[in-house]
Amino acid sequence: MQKIDAIVVGAGFSGLYMLYRLRELGLTARGYEAGDDVGGVWYWNRYPGAKCDIESVYYNYTFSEELLQEWTWTTRYPDQPAILGYLNHVADRFDLRRDIEFRTRVVSAHYDEGARRWVVLTDRGETLVARYFISGVGCLSSSNTPGFRGLETFEGEQFHTGNWPHQPVDFRGKRVGVIGTGSSGIQAIPEIAVQAEHLYVFQRTPQFSTPAVNRRYEPEYISQIKANYGEVKRAMRESWAGTPRRLPSLSALEDSDEGRQRTYEQAWSAGGWLLSTYKDIVTNAEANETVCEFIREKIHGIVRDPEVASRLAPRHQYGVKRPVLDTNYFETFNRDNVTLVDVKADPIVAITPDGLRTRAQAYGLDTLVFATGYDAMTGALFRIDIRGRQGVTLKDKWGDGAAIRTYLGVATSGFPNFFTITGPESPSVLSNMVVSIEQHVEWISDCIAYMQARDIEVIEPDSQAEAGWSKHCKEVADTTLLPKGESWYTGANIQGKRMSFPIYLAGVGTYRTICDRVAANGYEGFTFQTAAAAAV
Ligand code: NA7
């Protein structure tokens, strides 16, 4: 049985940087990754059109000035191959692969209270003992394929966007069905439509999507950013969402009708989300409705068939389901080879050997694409049998009707020396993930360095501090429209999952200040034990 200092699960943005920092501290660390190589979600999400909707120049690590200077993004929004290329470059540059076991899943991690160590078992039968157990599993990495009746009988090819083959899929001459119109479906649909003989889009909930207006970067812009990365980095870290953009101080309701129209038109033409057009888009239902109305009108302006346009026009509030950025999504429904099927009105009853059957009709299909999303936030953590003190599983503590409880979204009581990078109740998916990941990794490694320097062996949040954090997280979320939405944010997309809103919404700048204050105050809210087991 091998003994090491730390085990890190996942080799995406989180795992790679965590390994780098642990190595800097002189610790022995091992990473485990189910994929063949580095990349995390960007390793698996290879579907046509897969792209990040944070602008490239902000979607990278900022810890190394040399890395910032030597890497050059070519387009405003990075596509999957570009991001995977970047992460491969990082892994090579810092020689990280030598500490990672690929094609290996962590099956279980049990805390041994006597030894004060995590005993970790992999699907290759390897057992390791480590002081620290660190999750870099990501928030959107446990894919969800609904249990449609007859799924296994389908005789054509089927794919999930979150686990796409390495070779391009050829849709030419095929009748293709895409189920799901979230970010993945909306990115893939225009790309598949230009190849397929016919594309059927099975939509349950229409989604708000605005143009990305992706483009190649001008070399002058890149030079300017590179010359100012220090300032850009500071602005990202102090911001709400992890990009330098600031929220305006004007309410949508204070502006005139013409002013609002102008603002929304400008934002639509510039590309990107319309969330930060006014200060109260996600906090005030009336303000929110003004932007919903604008986007619905745009959809009616783009889609020629008014009936199809109506079916594509969302009725929920903008932002309560994650809004999407697209390239030619609504335009795609003007093509003769594309059919929109409303599966809320006419639900899917079964997958059949030769296609799919809704209540009213049968659709012959050669290829089925599931763009049906993820068991977000907790799904990937629950896939591992994680047991803390007294054998309590993380699932017992957080799942099956119990509520998620964390301290700062980075640790949870009863699970000593267990850290969750961008865990539930941190800003995570409502921020630029890379900024949040860097902040968590740096906070965790500083904490470990603090412990090592003081001969502290065990850290664990106390349950009162934890209850306080969860309450605060909920209070902040309740000032917005988001917790009531039926979305993967709240777990409403997974049958039987308890609805909650485990995302800290005060913004990455505020969150960083709180985490830094906790550290500066000797990690207040945590308890420590020294090697001699005396509480300090
Ligand atoms: P999402 O955003 O969860 O979208 C999943 C889509 O699949 C959504 O349209 C769902 O409809 C639909 N869905 C899920 N289950 C079913 C069933 N049973 N029948 C029909 N349709 C279904 O996942 P994505 O992969 O697109 O995006 C996830 C995130 O990754 C994204 O937000 C970015 O942050 C990156 P619903 O809306 O639930 O009615």
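One-based numbering, in listed order, for ligands and for the atoms of each.
- Between the Asp478 side chain and the Pro483 main chain, no donor and acceptor come within less than 3.5 Å of each other.
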Subject >> Residues Tyr264, Thr290; criterion side chain to side chain donor-acceptor pair (under 3.5 Å); working and verdict >> reply: CA-CA 10 Å; Tyr264 292 149; Thr290 64; 2.8 Å; yes
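- Comparing heavy-atom distances from atom 12 (C) of ligand 1 across Gly185, Pro323, Gly180 singles out Gly180 as nearest.
- With a 4.0 Å heavy-atom cut-off, ligand 1 is reached by the backbone of Ser184 and by its side chain too.
- At a 3.5 angstrom cut-off on N or O pairs, Ser183 counts as close to ligand 1.
- At least one heavy atom of Thr181 lies less than 4.0 angstrom from ligand 1.
- A salt bridge links Lys298 with Glu265: the distance from a Lys NZ or Arg NE/NH1/NH2 to an Asp or Glu carboxylate oxygen falls below 4.0 Å.
- When only non-hydrogen protein atoms are considered, atom 17 (C) of ligand 1 lies nearest to Arg204 NH1, 3.3 Å.
- At a heavy-atom cutoff of 4.0 Å, ligand 1 is contacted by no atom of Phe202, backbone or side chain.
- Salt bridge annotation for Glu55-Arg76: present, with a cationic side-chain nitrogen under 4.0 angstrom from a carboxylate oxygen.
- Salt-bridge check for Arg237 with Glu442: passed, with a basic side-chain N closer than 4.0 Å to an acidic carboxylate O.
- When only interatomic distances are considered, the shortest N/O to N/O separation between Lys344 and ligand 1 does not fall below 3.5 Å.
- Using a distance-only test at 3.5 Å, with no hydrogens or angles considered, no donor-acceptor pair links the side chain of Asp375 to the main chain of Asn144.
- The distance from the CZ atom of Arg103 to the CG atom of Asp123 is 11.5 Å, given to the nearest 0.5 Å.
- Between the choices Gly373, Ser143, Gly182, Ala371, the shortest heavy-atom distance to atom 7 (O) of ligand 1 belongs to Ala371.
- The proximity of Lys321 to ligand 1, defined as any non-hydrogen pair under 4.0 Å, is limited to the side chain.
- Counting heavy atoms closer than 4.0 Å to ligand 1, residue Thr205 contributes atoms from both its backbone and its side chain.
- Protein heavy atom at the shortest distance from atom 3 (O) of ligand 1 is Trp488 CD1, 3.2 Å.
- At least one donor-acceptor pair under 3.5 Å links the side chain of Thr420 to the backbone N or O of Gly409.
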